[in-house]
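Structure, as structure tokens:
A, B, ... follow the sequence lines: proteins, then strands. Residue 1 opens every chain.
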Number of protein chains: 2
Amino acid sequence: MSAPKIQTRQRQEQITQAALDLINDSGVTGLSIAGIARRVGIVPSALYRHFSSKDAVLDAVLDLIGQRLQDNVAHVRQKTPVPLQQLKLLFTRHTAMLSENRAIPHMVFSDAVYYGQPGRRARVAQIIFTYLKEIETIIASGRQDGSIRMDVATATAAVMFLGLIMPAAILWNVSGENFDMATHIKTAWPAYERSIAAQTPKEAL
Amino acid sequence: MSAPKIQTRQRQEQITQAALDLINDSGVTGLSIAGIARRVGIVPSALYRHFSSKDAVLDAVLDLIGQRLQDNVAHVRQKTPVPLQQLKLLFTRHTAMLSENRAIPHMVFSDAVYYGQPGRRARVAQIIFTYLKEIETIIASGRQDGSIRMDVATATAAVMFLGLIMPAAILWNVSGENFDMATHIKTAWPAYERSIAAQTPKEAL
DNA sequence: AAGAATTGTGATTCACAATTCACATTTTAC
DNA sequence: GTAAAATGTGAATTGTGAATCACAATTCTT
């Protein structure tokens with residue numbers, strides 16, 4: 001019994017998504033050609049019609065992740081024009097995203113990134129720094145409208161924003177998903193805000 | 001030509017250290033029995049005289065990492081009694097430690113932790129939460145002496161402390177060790193301090 | 001110094017996963 | 001409709017790395 005023939009473009013999407021899902025379930029180590037193929041409903045060797053190698057699949061997964069992050073930023077921008085609110089919203093959305101996709105931290109910290117295909121690490125750096133840049137842009141506009149203080153470097157404020165997210169992701173993962181994200185968001189945000197906002201705002205709860 | 005015979009206790013230490021070094025160089029994926037054995041100067045099969053399996057070696061490495069973290073805390077405590085200074089010192093020491101040992105984030109985020117031996121994840125959780133607990137203790141004493149504000153939960157302040165460290169570690173690794181740790185420490189610390197200190201201190205620079 | 005326990009060695013087994021290839025089937029182009 | 005291109009299949013190849021085992025050398029005990 002043979003799988004239906006699908007155009008490469010769509011198969012590539014299926015394969016990339018299946019790979020992402022598989023990483024969610026079993027980590028980067030658990031990612032195998034056979035596993036991906038099974039999920040897509042084709043035979044392992046068929047996968048090579050659409051990707052030249054496993055490494056190529058990994059690169060596609062990285063692209064997908066970068067895409068998702070950018071989508072997040074775009075969504076937040078379109079939701080509200082107020083910089084501090086954009087940041088808070090991005091915070092909640094990003095944490096929610098991480099709750100559903102462990103694949104993201106797994107990829108970012110994966111050996112495959114650091115010791116696999118040369119250039120892979122640069123690719124991940126690209127994704128992270130691009131994301132960071134977006135955050136910096138938001139912060140910069142907050143500086144312009146006077147809502148964010150000037151004596152914290154935008155770069156630092158942006159890195160600290162990541163610092164709001166990363167530990168939460170780790171603790172959530174390592175604790176067997178028992179870490180209370182909601183509480184973390186509720187308590188950490190005001191503290192972060194205090195460290196970067198021009199003055200303690202009253203309405204931003 | 002045969003390697004000298006060494007008592008198991010010491011071989012275990014050699015092996016654990018070699019494994020840690022190997023992870024530093026090649027990641028958890030690059031950790032192989034053969035690689036460890038080569039570094040120690042014995043033959044792969046000889047390793048099984050001292051460890052029952054590769055998993056057992058991994059557990060030993062985890063213990064070693066937990067040990068190092070605790071040592072760090074102890075050192076800081078002995079250096080100064082002022083909570084905020086303890087935190088800052090811990091921050092600098094921890095970042096320095098991460099610069100030298102990529103193995104630590106690699107292990108913490110490794111698939112081997114999440115998808116390997118069941119219970120391994122709990123072990124990592126144990127290490128992290130113990131460390132977090134120490135930080136909370138420091139913060140609690142800062143609350144008692146009035147140097148740290150009461151309206152931030154100690155747990156949150158502790159998690160945010162990790163948030164000072166983790167992004168730095170990632171950016172440093174992903175950027176090919178080009179991220180400027182020193183600048184990060186210098187700019188991020190005051191911001192963090194502002195978010196948890198009772199009032200902007202003047203001497204704590 | 002003899003026997004037991006410990007530690008080291010080399011060959012080998014086993015499982016697993018990526019990749020290739022010759023061939024089959026379906027889709028597309030003309 | 002027919003040839004060519006695209007896609008899918010199953011078998012075979014190859015490499016890798018963990019683990020086992022029988023045997024050798026060393027150290028410890030007494």
Side-chain angles (χ1 to χ4, degrees), chain A residues 1-19 21-23 25-61 106 110-113 115-118 120, chain B residues 1-19 21-23 25-62 106-107 110-113 115-118 120:
Chain A
M1 196 167 37
S2 197
K5 303 203 170 187
I6 314 269
Q7 292 219 339
T8 284
R9 204 60 63 86
Q10 300 160 50
R11 271 286 189 239
Q12 283 173 337
E13 281 176 19
Q14 290 181 358
I15 290 170
T16 310
Q17 182 62 51
D21 294 344
L22 192 51
I23 294 173
D25 289 352
S26 340
V28 180
T29 312
L31 182 71
S32 69
I33 297 292
I36 299 170
R38 199 175 320 120
R39 288 194 180 221
V40 173
I42 56 178
V43 112
S45 59
L47 192 145
Y48 289 87
R49 296 285 177 207
H50 314 291
F51 283 97
S52 63
S53 65
K54 185 178 173 181
D55 273 326
V57 176
L58 272 179
D59 285 338
V61 171
H106 270 306
S110 155
D111 292 343
V113 165
Y115 306 102
Q117 191 111 308
R120 176 88 42 78
Chain B
M1 195 170 35
S2 196
K5 305 203 168 183
I6 313 268
Q7 292 219 337
T8 284
R9 204 59 62 86
Q10 301 160 49
R11 272 286 190 239
Q12 283 173 336
E13 281 175 19
Q14 290 180 358
I15 290 170
T16 309
Q17 182 62 51
D21 294 343
L22 192 51
I23 294 173
D25 290 353
S26 340
V28 180
T29 312
L31 181 71
S32 68
I33 296 292
I36 298 170
R38 199 175 320 118
R39 288 196 178 220
V40 173
I42 56 178
V43 112
S45 59
L47 192 144
Y48 289 89
R49 295 287 177 205
H50 314 291
F51 283 96
S52 63
S53 65
K54 186 180 173 181
D55 274 326
V57 177
L58 271 179
D59 285 338
V61 171
L62 275 183
H106 270 307
M107 279 299 285
S110 155
D111 292 345
V113 164
Y115 306 102
Q117 191 111 308
R120 176 88 41 81

(message) Using a 4.0 Å cut-off on heavy atoms, which residues in residues 43-55 of chain B reach DNA chain D? List them by number, or say none.
(response)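 Here the set is B/S45, B/Y48, B/R49, B/S53, B/K54.
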(request) Any pair with a residue in residues 46-58 of chain B that passes salt bridge (charged side-chain N to carboxylate O under 4.0 Å, His left out), sequence neighbours left out, goes on the list, sorted by first then second residue, please. (result) B/D55-B/R120
(request) With sequence neighbours excluded, tell me which residues meet side-chain hydrogen bond (donor to acceptor under 3.5 Å, both in side chains) with B/Q17. (result)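 Scan of B/Q17 (side-chain hydrogen bond (donor to acceptor under 3.5 Å, both in side chains), adjacent residues dropped) gives B/D21, B/R68.
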(request) Say whether, by atom type as modelled, one donor and one acceptor occur between the side chain of A/Q12 and the main chain of A/H50 under 3.5 angstrom. (result) yes
(request) Could I get the full list of side-chain contact (heavy atoms from CB on, under 4.5 Å) partners for B/Q14, not counting sequence neighbours? (result)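 For B/Q14 the side-chain contact (heavy atoms from CB on, under 4.5 Å) partners, ignoring immediate neighbours, are B/R11, B/V40.
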(message) Restricting to side-chain contact (heavy atoms from CB on, under 4.5 Å), what partner residues turn up for B/Q7, sequence neighbours left out?
(response) B/Q10
(message) Both A/R11 and B/L31 contact DNA chain D. Taking the nearest nucleotide for each, which residue is further toward the 5' end?
(response) A/R11
(request) Output yes when at least one side-chain N/O atom of A/S2 is less than 4.0 Å from OP1 or OP2 of D/dT9, else no. (result) yes
(message) Under the side chain to side chain donor-acceptor pair (under 3.5 Å) definition, can you give me all pairs with a residue in residues 36-45 of chain A, not counting sequence neighbours?
(response)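 Output for this query lists A/D25-A/R39.
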(message) Give me each pair satisfying side chain to side chain donor-acceptor pair (under 3.5 Å) with a member in residues 26-36 of chain B, each pair once, sequence neighbours excluded.
(response)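 For residues 26-36 of chain B: A/D111-B/T29.
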Protein-nucleotides 28-30 of chain D N/O pairs under 3.5 Å:
none

(message) Going by the rule ring-ring contact (aromatic ring centres under 6.0 Å, His included), which residues pair with B/H106 if we only count those two or more places apart in sequence or in a different chain?
(response)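 Result, ring-ring contact (aromatic ring centres under 6.0 Å, His included) vs B/H106: A/Y114, A/Y115.
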(message) From CD1 of A/I33 over to C1' of D/dT9, roughly how many Å is that when rounded to an integer?
(response) 16 Å
